Amino acid sequence: MNSGSPAEKAGVKAGDVITSLNGERIRTVGELREKLSAKRDEKDRTVKLGVLRNKGEISLNVELPAPAARTKRTISHRTNI
């Protein structure tokens with residue numbers, strides 16, 4: 001886990017297993033990423049994670065960061081003559 005990340009600030013710890021997001025069951029990492037990505041575009045970016053820790057289920061509220069500003073990339077090609 002990244003130091004200072006929103007998940008760390010909310011109390012997510014190494015070894016936690018995320019089981020739900022806003023009450024919806026999470027089965028794969030891809031599913032979690034998809035749901036988090038959709039949530040970042042919303043005005044309210046707070047999510048409730050269901051987490052399995054030490055054989056018990058807990059709930060954590062996580063504030064997702066605002067989407068990063070996208071920068072335009074320029075691609076250039078060099079040719080040798």
Side-chain angles (χ1 to χ4, degrees):
M1 183 174 336
N2 295 337
S3 179
S5 69
E8 183 185 58
K9 289 176 185 175
V12 177
K13 298 179 187 244
D16 285 353
V17 178
I18 297 171
T19 58
S20 65
L21 179 98
N22 292 336
E24 295 180 43
R25 189 101 175 119
I26 299 294
R27 290 182 174 83
T28 66
V29 173
E31 191 176 1
L32 176 63
R33 286 183 180 140
E34 183 180 301
K35 290 180 188 286
L36 286 173
S37 179
K39 187 68 176 170
R40 281 196 180 126
D41 295 334
E42 296 179 15
K43 190 172 186 173
D44 177 23
R45 291 184 304 272
T46 301
V47 296
K48 183 177 180 179
L49 294 179
V51 176
L52 184 62
R53 179 186 295 164
N54 297 329
K55 300 180 184 178
E57 185 112 15
I58 62 170
S59 293
L60 300 172
N61 291 319
V62 179
E63 177 71 30
L64 301 177
R70 297 184 184 220
T71 58
K72 186 176 179 181
R73 292 184 179 181
T74 304
I75 300 173
S76 63
H77 298 280
R78 287 188 168 171
T79 57
N80 292 331
I81 301 178

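These numbers were taken from a predicted model, which means no experiment stands behind them. Atoms considered below: every heavy atom in the structure, side chains included; atoms not considered: hydrogens, waters and symmetry mates. Positions are given from 1 along the sequence.
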Next item on the list: Run through the side-chain heavy atoms of Ile, Leu, Val, Met, Phe, Trp and Tyr, join any pair under 4.5 Å, and report what else lands in L52's cluster.
Entry: V17
Note to self: With heavy-atom distances below 4.5 Å as the criterion, would you say the side chains of L49 and L21 are in contact?
What the structure shows: yes
Checklist line | Qualifying residues under side chain to side chain contact (heavy atoms under 4.5 Å, CB included), relative to L64, sequence neighbours excluded | finding: L36, K39, R40, R45, V47, V62
Do any side-chain atoms of residues 24-32 form donor-acceptor pairs under 3.5 angstrom with protein atoms, and if so which ones, sequence neighbours left out?
residue: E24; atom: OE1; partner: K35; partner atom: NZ; Å: 2.7
residue: T28; atom: OG1; partner: E31; partner atom: N; Å: 3.0
residue: E31; atom: OE1; partner: R27; partner atom: N; Å: 3.0

Note to self: According to salt bridge (Lys or Arg N to Asp or Glu O under 4.0 Å), does anything in residues 46-64 pair up with another residue at least two apart or in another chain? List the pairs.
What the structure shows: D16-R53
